[in-house]
Amino acid sequence: MIAKIIVDVPANQTDRLFDYGVPEKWEDLIEPGMRVVVPFGPRKVQGFVVDLVEETELEKVRNIQDMMDVDPVLTPELIELGFWLTDETLCFAVSAFQAMLPAAMKANYKKKIVVAETFDGKLAEEVSRWFEHRNEIPWEDIKDSQVLPIFKKEIKRGALESQVVVKEKTAPKTQAALILPYPKEELESRMEELNDRAVKQKEVLSLFYEINAPIAIPELIELADTTRGTIKSLVQKGLLKQIEQEIYRDPYKFKSFKPSKPLDLTEEQRKAVEPIMNSLDESYHNTFLLQGVTGSGKTEIYLQTIAHALNQGKEAIVLVPEISLTPQMVSRFKGRFGSDVAVMHSGLSKGEKYDEWRKIHRGEVKVVVGARSAVFAPFKNLGIIIIDEEHESSYKQEETPRYHARDVAIKRAKYHRCPVVLGSATPALESFARAQKQVYTLLQLKERVNKREMPDVEIVDMREELRSGNRSMFSKPLFDKLIDRLEKGEQSVLLLNRRGYSTFLICRDCGYVLDCPHCDISLTYHKINHMMKCHYCGYEQRAPKVCPNCTSEHIRFFGTGTQRVEEELAKILPDARVIRMDVDTTRRKGAHEKLLGQFGDGKADILLGTQMIAKGLDFEKVTLVGVLAADAMLHLPDFRASERTFQLLTQVSGRAGRHELHGEVVIQTYTPEHYSIQYASHHDFDSFYVKEMQARKLHGYPPFYYITLINISHEEITKVLSVTEKITNFLKANLSENSIVLGPVASAIPRIKDRYRYQCMIKYKVEPDLNRLLKEILKRFSKELTKDNLQITIDRNPHMLM
DNA sequence: GTCAGGCTTATC
DNA sequence: ATAAGCCTGACG
């Protein structure tokens, strides 16, 4: 039997199937979707079995050396999906497979040197010293040392041998547990063996009449109210046996979730639920775009449609943007579906993610709530896929494989003939356009569940503020309202979107800005230990006291970081209790939940934060939302800038007045007339959509055109330019008249980590051959890619144009 | 000649 | 990606 295998060597030349023989003893065990260890040239690598056949065209093949799984980790569906992803995103097949599995399962290669079994001569003097106290030398120990040539010589002569051990990165966690090493029926007779004085031991043993599964030692001690010693002597006498039991690292172990029952649906909700239920009942694929204003009860629709799928014996995937941001969401799902839920998000450790994944793999859970990569959950009988806040940019992976979770979800749903529900108050323009064209089915919720009105929004022109002498970052209206809330004991949320507003260092005399020496971007000031840091390459240096250019002392930090806002708040509202949420304060595990918990408990008056506070928060006492700089994102080199601004403003406005108390929003901006800001303030998605569609049409952007972005980078600018030019010319010559090829253009950040970056953008409507052409480009430059350290990245649907 | 160091090539 | 094999040029 021959196995077709994708090897774990991400390179152009190895991105294909390799044939390996299946040893007879494994013929009945091996299945497609398993990971195996195979010899590959002189080394050993991990491989994915993707097919089993009888014949090979090769003269001779080598055998699979080891199996890494008992159960395939990839279902036939996922194998197929992997190849689809490979084709779709132009990545290596291994990369696609690896992206579908938790990082902990990536192979870990350990190379070591041993004395060859067949060798019985004498080792070279220098080498034999190394083997005095051990029989294997880790490769790292000699890799960079002087003796390496001698080792190599010995290997050549056959005296030494290099071996590679392929292991998983993380092993299942185990704990010591106890079992009866004999049938239960024997318990009574066994107990008689014990001395009459061993009262406690008998007591412990008798508990095993009731205990059926292995029991952890601490648990038994607790249960029997005994000590380690008692148990130890039972083990010594052979009356109990200690085993190692696999356990899960459960991040939610010590948390209890309030069980919730399905709520009564409003008329509007019922109307939205019905078609989804139909799709479930008749098991056909359909993509629904569920557009509901903030607070309209989308989550309840998710919960009830999922419950329906579970009743049919099917499984559900729920994608949420970076879920750690919304512990409230997790609670709702755990509350409704209890232990049927696995949670997957970036806040978990590698081991925790691995364990959650195994729960899915073993069929121990029916629902997964997770970030982007959860779309690959190895369910076999998917009933529904839900993507909450479907417009969120975090659904697009910005590394290879550059996929969008929405596309993968729809692909999987087609296979499983099940519905996909895209939920959002502010759908992505692409999605809404598809709904308009009846590609998706549009379901709308226009009212908030409790009939609360949308908050009143006030736009404040910061130019006016400046003219009237207010140079602070808080406008008069915002300041007054903050004071008002403080007095009333209500809470406020302040949003500062830092993107485009980082703190950089500028000399007020000569205008010099401190840049990264390796990237064309200014360094960002970090208050902790007074450092200047590059966000792209990690370079850092001390913040200078005088201008490096003109030695002036008038060198100042410019921009508005959350830290600065916090300081200013402390000055103008010294009594306000402020919680700051940004990358710095939420880095530690669980910090998010802790801070939000504190805010929810009323331990602070103001929650100040970046993007991360815009989503999903639902606090009763929040009646004021302030956006400090609404146009921060508006001027980024990105055709989605207006859309992002509109979405963020709408999103964050929805945090105010969700309950009894009426909400107010203050938006501070330097461009109050901009339509994103105007329409967001009127909660008017429809008008925004019309206006933005006009802009997209005019400039030839999605959803009117598809775009593909090719990024080329190299240490030498001339090289980058010539390659980019060749690529653009090639595309221009081969694409249809109606397509537009732009470039070569320097990227928005023309240099990162000492590499120059140029790009070429393709805008097109129909181009069935584009994939082939792009592969052709990669092939043409494949030599330079490996040899000359040239980099070409292709994004078939870019969301970041940098 | 020998040998280190760069370039090419194959990996079932 | 990576290691082995081939080629090349410097040195003795």
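We use all heavy atoms of the structure for the numbers below, so side chains are in, but hydrogens, waters and symmetry mates are not. Each chain gets a letter, A, B and so on, in the order the sequences are listed, and its residues count up from 1.
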Looking across every strand, which nucleic acid part, if any, lies under 4.0 Å from Val9(A) by heavy atom: base, sugar-phosphate, or nothing?
base
Using the side-chain heavy atoms of Arg16(A), tell me which of these nucleotides is nearest: dA4(C), dA1(C), dT11(B).
dT11(B)
Quick one: is the NZ or CZ of Lys763(A) closer than 6.0 Å to the six-membered ring centre of Tyr701(A), and within 45° of its axis?
yes
Separation of dT2(C) P from Asp15(A) CG (nearest whole Å):
16 Å
With sugar-phosphate meaning primed atoms plus P, OP1 and OP2, does Arg62(A) contact a base, only sugar-phosphate, or nothing at under 4.0 Å between heavy atoms?
sugar-phosphate
Expressed as a whole number of angstroms, how long is the span from Ile5(A):CD1 to dT11(B):C1'?
13 Å
Please confirm whether the shortest side-chain N or O distance from Lys783(A) to OP1 or OP2 of dC7(B) is below 4.0 Å.
no
Which part of the nucleic acid, if any, lies within contact of Tyr20(A), taking any heavy atom under 4.0 Å across all strands shown: a base, the sugar-phosphate backbone alone, or nothing?
sugar-phosphate
Counting the atoms with a prime plus P, OP1 and OP2 as sugar-phosphate, which does Lys152(A) contact under 4.0 Å by heavy atoms, base, sugar-phosphate, or nothing?
nothing
Do the side-chain N and O atoms of Glu77(A) and His416(A) include a donor-acceptor pair separated by under 3.5 angstrom?
yes
Atom CG of Leu58(A) to atom P of dA10(B): distance rounded to whole Å?
14 Å
Between CG of Asn12(A) and P of dA10(B) the distance, given in whole Å, is 16 Å
Cation over ring, Arg134(A) on Phe131(A), under 6.0 Å and within 45°?
no
Specify the separation, in whole Å, of atom CG of Leu17(A) and atom C1' of dT11(B).
14 Å
For Glu246(A) and Thr174(A), run side chain to side chain donor-acceptor pair (under 3.5 Å): C-alpha distance rounded to whole Å, both residues' side-chain angles, the deciding distance at 0.1 Å, then the answer.
CA-CA 4 Å; Glu246(A) 252 187 50; Thr174(A) 61; over 6 Å; no
Tell me the interatomic distance from Phe40(A), atom CZ, to dA1(C), atom P, rounded to whole angstroms.
12 Å
Between CD of Glu55(A) and P of dC12(B) the distance, given in whole Å, is 20 Å
For Tyr109(A) and dT2(C), give me the distance from atom OH to atom P, rounded to whole Å.
10 Å
Axial cation check for Tyr248(A) ring with Lys173(A), 6.0 Å and 45° limits:
no
Testing dC12(B), dT11(B), dA3(C) for proximity to the side chain of Thr14(A), the answer is dT11(B)
With the side chain of Gln13(A) defined as its heavy atoms from C-beta on, choose the nearest nucleotide among dT2(C), dA10(B), dC12(B).
dA10(B)
